[in-house]
Amino acid sequence: NAGVMQNPRHLVRRRGQEARLRCSPMKGHSHVYWYRQLPEEGLKFMVYLQKENIIDESGMPKERFSAEFPKEGPSILRIQQVVRGDSAAYFCASSPDLTFSTDTQYFGPGTRLTVL
Amino acid sequence: DQQVKQNSPSLSVQEGRISILNCDYTNSMFDYFLWYKKYPAEGPTFLISISSIKDKNEDGRFTVFLNKSAKHLSLHIVPSQPGDSAVYFCAASTTGFQKLVFGTGTRLLVSP
């Protein structure tokens, strides 16, 4: 059973460009979460999605950031007009249907975004 | 506003000894707590969790203790092994809200 997959693993962008980060959840998981880790900090929640729905985006910056989880295909975190402060590791996690609200989130390896 | 705190950025122990990692939280609405382990350039890996209705949960060498009145939890690893060397994150959540709130991590080094 393949784990959570993220690509690319490393992404370099110049200021003002767009960054697209992709996440494929574990098989059978229909819930996806995005977290960001700045250097020397813990992971910070960004957004929680189910198929075709954004459930909680309370951690998303108000501008330039968007996320989607279409019916088919991976979840995408999109950052427009990147700035140096966007440089971080972005982790995706997935969990199964929430039969129990405490279902564990399983994390992917992350995408390390560097903005030059 | 750091709702989950890990005040020790690093911990060094010898192989075979006990490692104790600590975590404090401020939000009394948290009712589920998890520990994750993270190696460099990898994502966090789930280790063990505990619900607020319990005060202890054990899984092999790993035991988590929860003291709700003190808003404190700890992870005990015994015996510690060199392969346990990693960064350990404490995380918390509230029923009905799926987001995890993470601490800043404690880097554990287990020396042979």
Side-chain angles (χ1 to χ4, degrees), chain A residues 2-10 21 23-26 29-50 53-60 67 69 89-112, chain B residues 1-10 21-27 29-54 57 59 62 64 66 86-107:
Chain A
V4 177
M5 300 179 69
Q6 290 187 249
N7 67 80
R9 294 292 307 273
H10 300 274
L21 290 63
C23 169
S24 296
M26 286 178 69
H29 287 192
S30 57
H31 302 262
V32 165
Y33 315 80
W34 286 93
Y35 293 81
R36 175 167 65 174
Q37 184 183 23
L38 295 170
E40 305 303 320
E41 293 188 12
L43 283 76
K44 295 279 197 296
F45 169 82
M46 299 181 75
V47 62
Y48 160 43
L49 310 101
Q50 296 176 24
N53 288 304
I54 296 175
I55 307 302
D56 181 355
E57 56 181 347
S58 58
M60 286 279 269
F69 189 16
Y90 291 82
F91 293 97
C92 168
S94 72
S95 65
D97 283 342
L98 297 176
T99 306
F100 303 99
S101 63
T102 54
D103 274 330
T104 302
Q105 296 177 23
Y106 295 89
F107 283 80
T111 293
R112 273 140 194 91
Chain B
D1 177 26
Q2 190 70 27
Q3 298 185 68
V4 178
K5 301 177 185 178
Q6 294 177 257
N7 292 319
S8 298
S10 63
L21 296 95
N22 294 303
C23 177
D24 297 293
Y25 62 96
T26 58
N27 189 341
M29 296 298 291
F30 289 147
D31 57 7
Y32 192 63
F33 304 89
L34 309 90
W35 285 93
Y36 282 85
K37 172 181 178 180
K38 185 179 180 304
Y39 293 117
E42 294 185 10
T45 302
F46 170 73
L47 265 180
I48 191 168
S49 62
I50 187 167
S51 164
S52 59
I53 63 173
K54 296 186 175 181
N57 189 26
D59 183 1
F62 302 91
V64 56
L66 175 62
V87 177
Y88 288 77
F89 288 99
C90 168
S93 68
T94 303
T95 299
F97 297 89
Q98 297 311 310
K99 65 182 179 184
L100 295 176
V101 180
F102 282 84
T104 52
T106 296
R107 186 178 304 276

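Naming convention: chains lettered A, B, ... in sequence-line order (proteins, then strands); numbering from 1 in each chain. Just so it is clear, the model here is predicted, and its values are computed rather than measured.
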Give a yes or no on whether the ring-centroid distance for B/Tyr36 and A/Phe107 is below 6.0 angstrom.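 Ring centres of A/Phe107 and B/Tyr36 closer than 6.0 Å.
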Decide if atom CZ of A/Arg9 counts as having more than 12 heavy atoms of other residues, nucleotides or ligands within a radius under 6.0 Å.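 Counting other residues, nucleotides and ligands, CZ of A/Arg9 exceeds 12 neighbours.
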Take atom CE of A/Met5 as the centre, draw a 6.0 Å sphere, and report whether it contains more than 12 heavy atoms from other residues, nucleotides or ligands.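 Counting neighbours around CE of A/Met5, 12 or fewer heavy atoms of other residues, nucleotides or ligands fall under 6.0 Å, so no.
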Heavy-atom distance under 4.5 Å to chain B: side chain of A/Gln37, backbone, both or neither?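 Contact with chain B is through the side chain of A/Gln37 alone.
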Say you draw a straight line from CG of A/Leu43 to OG1 of B/Thr104; how long is it, rounded to the nearest 0.5 Å?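 One gets 11.0 Å once the value is rounded to the nearest 0.5 Å.
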Go through the steps to decide whether B/Lys99 and A/Lys44 satisfy the test side chain to side chain contact (heavy atoms under 4.5 Å, CB included), and finish with yes or no. CA-CA 9 Å; B/Lys99 65 182 179 184; A/Lys44 295 279 197 296; over 6 Å; no
So, using salt bridge (charged side-chain N to carboxylate O under 4.0 Å, His left out) as the criterion, who are the partners of B/Lys54 when residues are at least two apart?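 Result, salt bridge (charged side-chain N to carboxylate O under 4.0 Å, His left out) vs B/Lys54: none returned.
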By ring pair (Phe, Tyr, Trp, His ring centres under 6.0 Å) - contacts of A/Phe91 (at least two apart):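 By the ring pair (Phe, Tyr, Trp, His ring centres under 6.0 Å) rule, A/Phe91 matches no residue at all.
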Strictly distance-based, threshold 3.5 Å: is any side-chain N or O of A/Tyr35 a donor or acceptor partner for the main-chain N or O of B/Leu100?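 Yes.
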